[in-house]
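Below is one structure, written out as structure tokens; comments come after it.
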Amino acid sequence: MAVSAPERSTRLLAAHAPGAVEEAARLLAAGGLVAFPTETVYGLGADAANPDAVAALYAAKGRPAFNPLIAHTADAAAARRLGAFNADAARLAERFWPGPLTLIVPFTGGEGVCDLARAGLDTVGLRVPSHPDARALLAAFGGAVVAPSANRSGHVSPTEAGHVMDDLAGRIHAVLDGGPTPVGVESTIVDCTGADPVLLRPGGLAREAIEAALGRPLRLPMSESDAAPLSPGRLASHYAPRAALRLDVDAVEPGEALVTFAGARPPGIEAAATVLDLSPAGSLTEAAARLYGALRGLDASGVSAIAIVPLPRDGLGEAIADRLARAAAPRPSDPEMPQ
């Protein structure tokens, strides 16, 4: 049974108390949000396969954009079931996992990490943390857990359970208190999807150690768009279906598929090829959870054009609007797009 959204109280679970880790795993399995310690900082955990839980995580953090999230697993074998590891990725995983290193690799994990957690990309960020409480929780949960830093967006990353409570009490279900984190800065991120690994973010594992393991220097991003596996929102056009998107419509053209919200019925709806309501109840969290699946499903249906009604711009609505605008942006092959 899914847990309900937290109202006023966030449970503080002492990691070494009997049954605490198992209770935290139960909450995650039920779609709840649980902060837990890693060796770097405290992460805000959600079931990576559950788009509703991931949408709730974005809402709790007040995260301004649906950037891809790092999926944490209990061991390297579990990570390998989610991604394709080339020789460089395999070498780094063998040398530095468990530890403060995130590897970006092609995604192969089916439903193991949902579209929303990957921001619609065909790559995934994977990490095996070394903190014993994190590993115990991941083993008890039995699947991948996405876990950005457990703070409100724009605030300082938390290194103690008290920091998490200061920022997120009343917004999440529980905090697994394992004491102060030993590293105190986020993981190093390396993109292993190309011929040469790229350092996307310096962090808790020194660049020199990674280069020594590889036997050659890491490449640096040549531009912001070169760092797309970490932050696809840096690209002008992304998450784009084959069908043309028309945003903020006040009327539907014959033959268009209609994406609506909160039961809105614009003029011309009777002539729509199909109608999909992102959230009949008007929930932006539900709309965020369904967004990528809706676009993929409509694309698979063969429609040539998709009309989308205006959505609220508050809360997660800002991130939804950002992703839809990028999906509607001209592609490089479009005549109006500069080459």
Side-chain angles (χ1 to χ4, degrees), residues 6 10-15 24 28 32-46 48 53-73 96-104 117 119 124-138 144-191 199-207 209-210 227 229-234 316 319:
T10 294
R11 299 175 62 185
L12 187 62
L13 304 171
L28 287 173
L33 304 179
V34 178
F36 63 94
T38 75
E39 70 276 20
T40 58
V41 299
Y42 273 74
L44 179 56
V54 174
L57 183 153
Y58 280 114
K61 281 182 63 72
R63 200 175 178 102
F66 295 149
N67 292 327
L69 302 174
I70 296 169
H72 298 66
T73 63
F96 297 113
W97 279 354
L101 173 66
T102 294
L103 299 176
I104 307 295
V124 64
L126 297 170
R127 182 159 101 84
V128 179
S130 63
H131 195 290
D133 296 332
R135 300 193 72 191
L137 176 60
L138 291 165
V145 172
V146 291
S149 57
N151 56 280
R152 299 290 299 275
S153 278
H155 292 197
V156 177
S157 295
T159 57
E160 299 180 10
H163 300 160
V164 182
M165 294 294 284
D166 289 342
D167 238 19
L168 296 176
R171 302 176 68 88
I172 65 176
H173 295 89
V175 179
L176 188 67
D177 184 359
T181 61
V183 175
V185 295
E186 288 85 353
S187 65
T188 303
I189 301 179
V190 176
D191 173 16
L199 178 65
L200 295 181
R201 182 180 75 185
L205 179 63
R207 172 180 175 175
I210 299 171
L230 170 61
S231 183
R234 297 176 183 178
L316 288 182

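Everything numeric in this text was worked out from a predicted model, so none of it was measured.
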**Complete:** Hits for side chain to side chain contact (heavy atoms under 4.5 Å, CB included) against Ala48, two or more places apart or cross-chain, chain-then-number order -> Val113, Ala144, Val146
**Request:** Please identify each residue that fulfils side chain to side chain contact (heavy atoms under 4.5 Å, CB included) with Thr188, with sequence neighbours left out.
**Result:** Leu101, Val190, Leu199, Leu205, Ile210
**Item:** Any donor-acceptor N/O pair, His72 side chain to Ile70 backbone, under 3.5 Å
**Value:** yes
**Asked** With a 4.5 Å heavy-atom cut-off, do Asn151 and Leu168 have their side chains touching?
**Response** no
**Prompt:** Which atoms form the tightest heavy-atom contact between Val185 and Gly203, and what is the distance?
**Reply:** CG2-C, 4.1 Å
**Asked** Where do Trp97 and Leu126 come nearest, in terms of heavy atoms and distance?
**Response** CZ2-O, 3.2 Å
**Request:** Grab the two heavy atoms, one from Ala24 and one from Leu176, that are nearest each other, plus how far apart they are.
**Result:** CB-CD1, 4.5 Å
**Fill in**
Sequence neighbours excluded, the answer for salt bridge (Lys or Arg N to Asp or Glu O under 4.0 Å) partners of Glu39 is Arg127
**Prompt:** Mind checking whether Ser149 and Lys61 have side chains closer than 4.5 Å, heavy atoms only?
**Reply:** yes
**Fill in**
CG (Leu57) and CZ (Arg171) are apart, to the nearest 0.5 Å, by 11.0 Å
**Request:** Spell out, as yes or no, whether a donor-acceptor pair under 3.5 Å connects the side chain of Tyr58 to the backbone of Asn67.
**Result:** yes
**Asked** Any side-chain heavy atom of Asp133 sitting closer than 4.5 Å to one from Pro37?
**Response** yes
**Request:** Could you tell me which residues satisfy side chain to side chain contact (heavy atoms under 4.5 Å, CB included) with Arg11, sequence neighbours excluded, listed by chain and number?
**Result:** Leu13, Glu23, Ala174
**Request:** Output all residues satisfying side chain to side chain donor-acceptor pair (under 3.5 Å) with Thr73, sequence neighbours left out; order by chain, then residue number.
**Result:** none
**Prompt:** Roughly how far, to the nearest 0.5 Å, is CG of Leu137 from CZ of Phe36?
**Reply:** 6.0 Å
**Request:** Could you grab the distance from atom CG of Asp166 to atom CD of Glu160, nearest 0.5 Å is fine?
**Result:** 9.5 Å
**Complete:** Closest non-hydrogen atoms of Gly125 and Ile104, given as atom of the first, atom of the second and distance, are CA-CD1, 3.6 Å
**Fill in**
Rounded to the nearest 0.5 angstrom, the OG-CZ distance for Ser130 and Phe96 is 13.0 Å
**Prompt:** How far does CG of Leu69 sit from CG of Leu44, to the nearest 0.5 angstrom?
**Reply:** 9.5 Å
**Request:** With sequence neighbours excluded, tell me which residues meet side chain to side chain donor-acceptor pair (under 3.5 Å) with Arg152.
**Result:** none
**Complete:** Correct closest heavy-atom pair for Thr181 and Thr38 would be CG2-O, 3.2 Å
**Message:** Under a plain distance cut-off of 3.5 Å, with no hydrogens placed, do Ser187 and Thr40 share a side-chain donor-acceptor pair?
**Reply:** no
**Asked** Val34 and Val175: side-chain contact (heavy atoms from CB on, under 4.5 Å), yes or no, with the steps?
**Response** CA-CA 6 Å; Val34 178; Val175 179; over 6 Å; no
**Request:** For the residue pair Asp177 and Val164, establish whether any side-chain heavy-atom pair is separated by less than 4.5 Å.
**Result:** no
**Message:** Just to verify, what does Ala53 make a side chain to side chain contact (heavy atoms under 4.5 Å, CB included) with, not counting sequence neighbours?
**Reply:** Ala46, Asn50
**Message:** Testing the basics here: between Leu33 and Ala60, what is the closest heavy-atom pair and its distance to 0.1 Å?
**Reply:** CD1-CB, 3.8 Å
**Complete:** Glu186 meets the side chain to side chain donor-acceptor pair (under 3.5 Å) criterion, sequence neighbours left out, with Ser157
